[in-house]
Amino acid sequence: DTEVTQTPKHLVMGMTNKKSLKCEQHMGHRAMYWYKQKAKKPPELMFVYSYEKLSINESVPSRFSPECPNSSLLNLHLHALQPEDSALYLCASSPGQINTDTQYFGPGTRLTVL
Amino acid sequence: QQPVQSPQAMILREGEDAVINCSSSKALYSVHWYRQKHGEAPVFLMILLKGGEQKGHDKISASFNEKKQQSSLYLTASQLSYSGTYFCGTVLMNNNAGNMLTFGGGTRLMVKP
């Protein structure tokens, strides 16, 4: 199984809502990532979990809260988002070594904040 | 430190060759190439590591010039399926930020019949 799955595929939420994005992989990978991608722009790294511990937080606003319940799951909790947070949110995983390993991307969650 | 990709966009006829460049102003540990089709996730193509190397599979290959901190992706005899946006991602040498992967701005490629 070489797949990273993400749910939901699409999400529309108001600025006062609380929602969560979910990412799952069963490849035994020990590093997992959240990226944000705006239209016609490259993915921008938000968070990195290595061995279930948060290792990188790229100065992301606190309205985004990541969680790694176990080595296969990665969540992104959303609260009080702004319209400018609308984007494609990509999850990725890699075997371990961040700088040399291939990152496998999920299909993404397209988020619209009204 | 975002790497710089060139060109930003290109249009090819099926069967033509193309080169996409990726440059960094800082010393690189590795260069990663991905292709993303519209509405889909980025798909891994290849990784090149410090020391300078070349890799390839099928008609897509890449090189990494460590001295110039530059990588090039070569598309030979392009096919319609090669259309998409190509991103290079770089990991800096001695990156105190934990060896994060930073993507270039992308090169949008359209292959026409």
Side-chain angles (χ1 to χ4, degrees), chain A residues 2-7 9-10 21 23-25 27 29-51 53-60 87-112, chain B residues 1-9 20 22 24 26-51 53 55 57 62 64 84-110:
Chain A
T2 58
E3 196 176 279
V4 176
T5 59
Q6 288 187 245
T7 54
K9 196 170 181 178
H10 300 275
L21 310 184
C23 173
E24 199 164 358
Q25 57 88 13
M27 296 179 277
H29 290 176
R30 302 315 301 266
M32 296 186 77
Y33 314 77
W34 280 115
Y35 287 87
K36 174 182 177 180
Q37 187 177 26
K38 291 278 212 179
K40 298 187 179 180
K41 297 290 186 183
E44 292 178 18
L45 184 66
M46 299 174 72
F47 303 103
V48 181
Y49 273 83
S50 180
Y51 291 86
K53 290 187 178 178
L54 183 64
S55 62
I56 295 176
N57 176 340
E58 283 296 292
S59 302
V60 179
L88 180 67
Y89 288 83
L90 293 163
C91 172
S93 70
S94 65
Q97 190 77 359
I98 294 172
N99 56 350
T100 57
D101 282 350
T102 302
Q103 290 188 26
Y104 295 86
F105 283 84
T109 293
R110 190 159 297 281
L111 174 68
T112 303
Chain B
Q1 288 284 342
Q2 185 180 41
V4 177
Q5 282 186 241
S6 63
Q8 289 185 315
I20 300 172
C22 175
S24 172
K26 301 220 169 185
L28 296 176
Y29 187 92
S30 60
V31 180
H32 307 224
W33 285 97
Y34 287 82
R35 177 173 60 212
Q36 185 176 29
K37 292 184 180 282
H38 182 67
E40 297 180 10
V43 173
F44 169 76
L45 295 175
M46 60 191 80
I47 290 179
L48 300 104
L49 302 180
K50 67 178 178 67
E53 60 174 345
K55 279 190 177 179
H57 56 82
F64 177 23
T85 300
Y86 289 79
F87 291 104
C88 70
T90 56
V91 178
L92 299 181
M93 196 85 75
N94 303 320
N95 183 352
N96 293 325
N99 296 322
M100 56 180 265
L101 185 65
T102 304
F103 287 96
T107 296
R108 289 191 303 283
L109 172 67
M110 180 182 293

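Every chain is numbered from 1, with letters handed out A, B, ... down the list of sequences.
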Per-residue contact mode, Gln6(A) against chain B (heavy atom under 4.5 angstrom)
neither
Compare every heavy atom of Pro43(A) with every heavy atom of Pro42(B), then report the nearest pair and how far apart it is.
CG-CG, 4.4 Å
Mind ranking Gln36(B), Arg108(B), Glu40(B) by heavy-atom pairs under 4.5 Å with chain A and telling me who comes out on top?
Gln36(B)
Separation between CZ of Phe103(B) and OH of Tyr35(A), rounded to the nearest 0.5 Å:
4.5 Å
Determine whether Gln2(B) and Pro42(A) make a side-chain contact, defined as any pair of heavy atoms from C-beta on separated by less than 4.5 Å.
yes
Step through the shown structure and confirm whether more than 12 heavy atoms of other residues, nucleotides or ligands are within 6.0 Å of NZ on Lys26(B).
no
With heavy-atom distances below 4.5 Å as the criterion, would you say the side chains of Val48(A) and Met100(B) are in contact?
no
First locate atom CZ of Phe87(B), then atom CD of Gln37(A), and finally report the distance between them rounded to the nearest 0.5 Å.
5.0 Å
Using a 4.5 Å cut-off on heavy atoms from C-beta on, say whether the side chain of Thr102(A) contacts that of Ile47(B).
yes
Do other residues, nucleotides or ligands put more than 12 heavy atoms under 6.0 Å from Lys37(B) NZ?
yes
